[in-house]
Amino acid sequence: MKLIKTIVRPNKVDDVRDALEKMSIPGMTVTEVRGHGRQKGHTAIYRGKEYNVSLLPKVEIEVVVAESLVESVIGAIVKAARTGEIGDGRVFVLPVEQSYNIRTGEQDA
């Protein structure tokens, strides 16, 4: 199993969720986060005063999938989240050694 951790623009969450639901991915975790990549945020003007916005609002989506689905899930996420602009986000893939259902105590393979 693999954990696919994705950071996307907040307005792309529904597109990614729809893409994953079409693939019958059974569950996901969505968390509001803040951060920046190489662009280090941007400069904005509020009431005539310039200030630097270094931590931009993003959304983190986590799904655990079988290794055979990793490439197709990444493809669906990238297609759904891409705008072509700086700040579209990142996808991380991490190994999952074990997972347990808390209600039943069963171990997932």
Side-chain angles (χ1 to χ4, degrees):
M1 291 185 297
K2 297 286 186 181
L3 169 64
I4 300 176
K5 191 174 197 176
T6 307
I7 309 294
V8 298
R9 298 172 186 267
N11 64 336
K12 288 295 190 176
V13 173
D14 290 338
D15 295 341
V16 172
R17 186 188 67 216
D18 292 345
L20 295 174
E21 286 178 354
K22 285 180 183 172
M23 297 182 70
S24 301
I25 301 299
M28 67 185 73
T29 301
V30 177
T31 308
E32 293 180 13
V33 296
R34 298 173 64 86
H36 66 77
R38 291 184 204 154
Q39 80 276 11
K40 308 249 189 268
H42 62 83
T43 302
I45 297 175
Y46 181 71
R47 293 188 177 183
K49 185 177 178 182
E50 188 174 289
Y51 63 98
N52 189 23
V53 180
S54 61
L55 297 175
L56 303 171
K58 300 286 183 179
V59 175
E60 180 180 291
I61 301 168
E62 295 177 319
V63 295
V64 176
V65 299
E67 290 192 34
S68 61
L69 296 174
V70 169
E71 292 302 320
S72 59
V73 168
I74 291 171
I77 291 171
V78 168
K79 183 178 178 183
R82 180 178 287 158
T83 68
E85 301 294 324
I86 292 172
D88 275 353
R90 299 286 290 186
V91 178
F92 304 96
V93 179
L94 299 101
V96 175
E97 294 181 13
Q98 297 174 336
S99 128
Y100 294 88
N101 182 315
I102 293 174
R103 181 177 58 85
T104 64
E106 294 176 350
Q107 180 181 2
D108 292 332

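Excluded from the calculations below are hydrogen atoms, water molecules and symmetry mates; all remaining heavy atoms, backbone and side chain alike, are included.
- When each of Lys2, Lys5, Met1 is checked for a side-chain contact (heavy atoms from CB on, under 4.5 Å) with Leu94, only Lys5 meets the rule.
- What you find for Val53 and Ala44 is that their closest heavy atoms are CG2-CB, 4.2 Å.
- When hydrophobic clusters are built by joining Ile, Leu, Val, Met, Phe, Trp and Tyr residues whose side-chain heavy atoms come closer than 4.5 Å, directly or via intermediates, Leu20 is grouped together with Val91.
- Partners of Lys12 under the side-chain hydrogen bond (donor to acceptor under 3.5 Å, both in side chains) rule, at least two apart in sequence or in another chain, are Asp15.
- Residue Leu3 comes nearest to Val96 through the heavy atom pair N-CG2, 3.5 Å, listed as atom of the first residue, atom of the second, then distance.
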Identify every side-chain donor-acceptor pair in residues 58-77 under 3.5 Å, counting partners at least two apart or on other chains, and give the distances.
unit_1: Lys58; atom_1: NZ; unit_2: Gly87; atom_2: O; d: 2.6
unit_1: Ser72; atom_1: OG; unit_2: Leu69; atom_2: O; d: 3.0

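- By the side-chain hydrogen bond (donor to acceptor under 3.5 Å, both in side chains) test, Arg17 is found to be paired with Asp14, residues two or more places apart in sequence or in another chain being considered.
- Rounding to the nearest 0.5 angstrom, the gap separating the CG atom in Leu56 from the NE2 atom in His36 is 8.5 Å.
- For Gln98, the side-chain hydrogen bond (donor to acceptor under 3.5 Å, both in side chains) test picks out Tyr100, with sequence neighbours left out.
- Glu85 is linked by a side chain to side chain contact (heavy atoms under 4.5 Å, CB included) to Arg9, Thr83, counting only residues two or more places apart in sequence or in another chain.
- Under a hydrophobic-cluster definition in which Ile, Leu, Val, Met, Phe, Trp and Tyr are linked whenever side-chain heavy atoms come within less than 4.5 Å, directly or via other members, Met28 and Val16 are assigned to the same cluster.
- Note on Val33: it does not cluster hydrophobically with Val30, by side-chain heavy-atom contacts below 4.5 Å among ILVMFWY residues.
- Listed by chain and residue number, Tyr51 satisfy the side chain to side chain contact (heavy atoms under 4.5 Å, CB included) test with Tyr46 (two or more places apart in sequence, or in another chain).
- For the side chain to side chain contact (heavy atoms under 4.5 Å, CB included) test, no residue two or more places apart in sequence or in another chain qualifies with Ser24.
- Residues meeting the side chain to side chain contact (heavy atoms under 4.5 Å, CB included) test with Lys79, sequence neighbours left out: none.
- The backbone N or O of Leu55 sits less than 3.5 Å from a side-chain atom of Arg34, completing a donor-acceptor pair.
- Checked against side-chain hydrogen bond (donor to acceptor under 3.5 Å, both in side chains), Asp18 has no partners two or more places apart in sequence or in another chain.
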